Amino acid sequence: MIDLKTREEVEKIRKSGRILCAAFDIVRSNIKTGIPIIELDRLFEEFVIKNRAVPGCKGYEEYPNALCISVNDEIVHGIPSGRKIMNGDVVSFDSCVLLDGWHSDSAFTVIVGQSESEMDTRLVEVTEKALFIGIEQARVGNRIGDISFSIQNYVEMNGFSVVREYSGHGIGRKLHEDPVVPNFGRKNTGPLIKEGMCIAIEPMVCEGKSGLYIEKDGWTAKTIDGLKAAHFEHTVYVSGNGPEILTI
Ligand code: MF3
Ligand code: CO
């Protein structure tokens with residue numbers, strides 16, 4: 001069942017999203033070679049709690065931390081540890097915030113310091129652009145498959161592959177609601193997009209072949225071929241006038 005949100009409800013998700021973005025800004029400004037990633041998780045959590053919100057990932061299906069931090073061949077759901085990030089690492093940050101009963105969800109990827117890999121730079125650019133191309137399709141009258149197709153098509157046109165095991169999703173009172181928003185699919189298929197829908201769109205893109213395995217920690221998803229991956233995500237509201245991003 002797809003729950004359509006009222007304007008008032010959307011404003012609550014937007015407030016939640018603002019805290020998430022501000023917490024991400026703190027993370028961004030602390031990213032530097034040599035910092036243990038657990039320190040970034042701590043700064044994120046501290047900020048969210050100070051703003052009377054709840055770090056929504058922590059405790060979600062027993063996930064242990066506030067932030068998911070995935071480095072290089074880790075695609076998503078990397079668990080923060082004492083690992084220090086190094087120059088040239090491709091690092092994805094994914095998190096959600098719960099405020100006043102409403103969830104927001106967002107992710108971004110950066111390259112630490114100076115990248116020597118043209119492919120890594122392109123990976124990050126193409127993944128972010130794929131997100132915005134997907135968002136552009138989140139319009140009344142389109143179908144979810146239009147979002148999925150446009151993301152897959154753009155990524156594959158650029159020689160990369162999309163992750164198929166994880167998808168975007170509806171979002172609101174629950175972190176994961178209907179509909180499922182895959183990053184691959186066909187035009188004009190899937191649920192009709194209606195005014196009031198709130199969805200998290202989140203392309204996960206691999207430099208090499210699509211395909212993943214889960215680490216022994218039960219969470220970290222890694223590419224099988226060991227090549228790098230990137231992830232961008234926004235929570236989006238479908239208004240009568242087009243998509244509105246709630247996590248900026
Ligand atoms: N963007 C992630 C998702 O939709 C946020 C949840 S992370 C988790 O799955 F660690 F809590 F699972
Ligand atoms: Co999500």
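If you're wondering where the values come from, they're calculated on a predicted model, not measured in any experiment. Read the numbers this way: they start at 1 and go in the same order the structure lists the ligands and their atoms.
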Residue shell for ligand 1, any heavy atom closer than 4.0 Å, reads Cys57, Tyr60, Tyr63, Cys68, His77, Asp94, Asp105, His169, Leu175, His176, Glu202, Trp219, Glu233
Could you go through Leu20 and Ser95, starting from their C-alpha distance and side-chain angles, then the distance that decides it, and tell me whether this counts as side chain to side chain contact (heavy atoms under 4.5 Å, CB included)? CA-CA 8 Å; Leu20 174 53; Ser95 195; 4.2 Å; yes
Taking 2.8 Å as the cut-off, does an N/O/S atom of Cys96 lie below it from the Co ion (ligand 2)? no
Quickly, which of Asp89, Asp120, Thr109 forms a side-chain hydrogen bond (donor to acceptor under 3.5 Å, both in side chains) with Lys228? Name it, please. Asp120
Using a strict cut-off of less than 4.0 Å between a Lys/Arg side-chain nitrogen and an Asp/Glu carboxylate oxygen, indicate whether Glu39 and Arg42 qualify as a salt bridge. yes
Angle subtended at the Co ion (ligand 2) by Glu233 OE2 and Asp105 OD2, to the nearest 10 degrees, is 80°
Heavy-atom count check: over 12 atoms from other residues, nucleotides or ligands less than 6.0 Å from Met86 CE? no
Are the aromatic ring centres of His77 and Tyr60 under 6.0 angstrom apart? no
Salt bridge or not between Arg7 and Glu11? Use side-chain N to carboxylate O under 4.0 Å. yes
Evaluation steps, side chain to side chain donor-acceptor pair (under 3.5 Å), between Ser104 and Ser16: CA-CA 6 Å; Ser104 56; Ser16 169; 2.9 Å; yes
Measuring from the Co ion (ligand 2), name the closest N, O or S atom belonging to Glu202. OE2
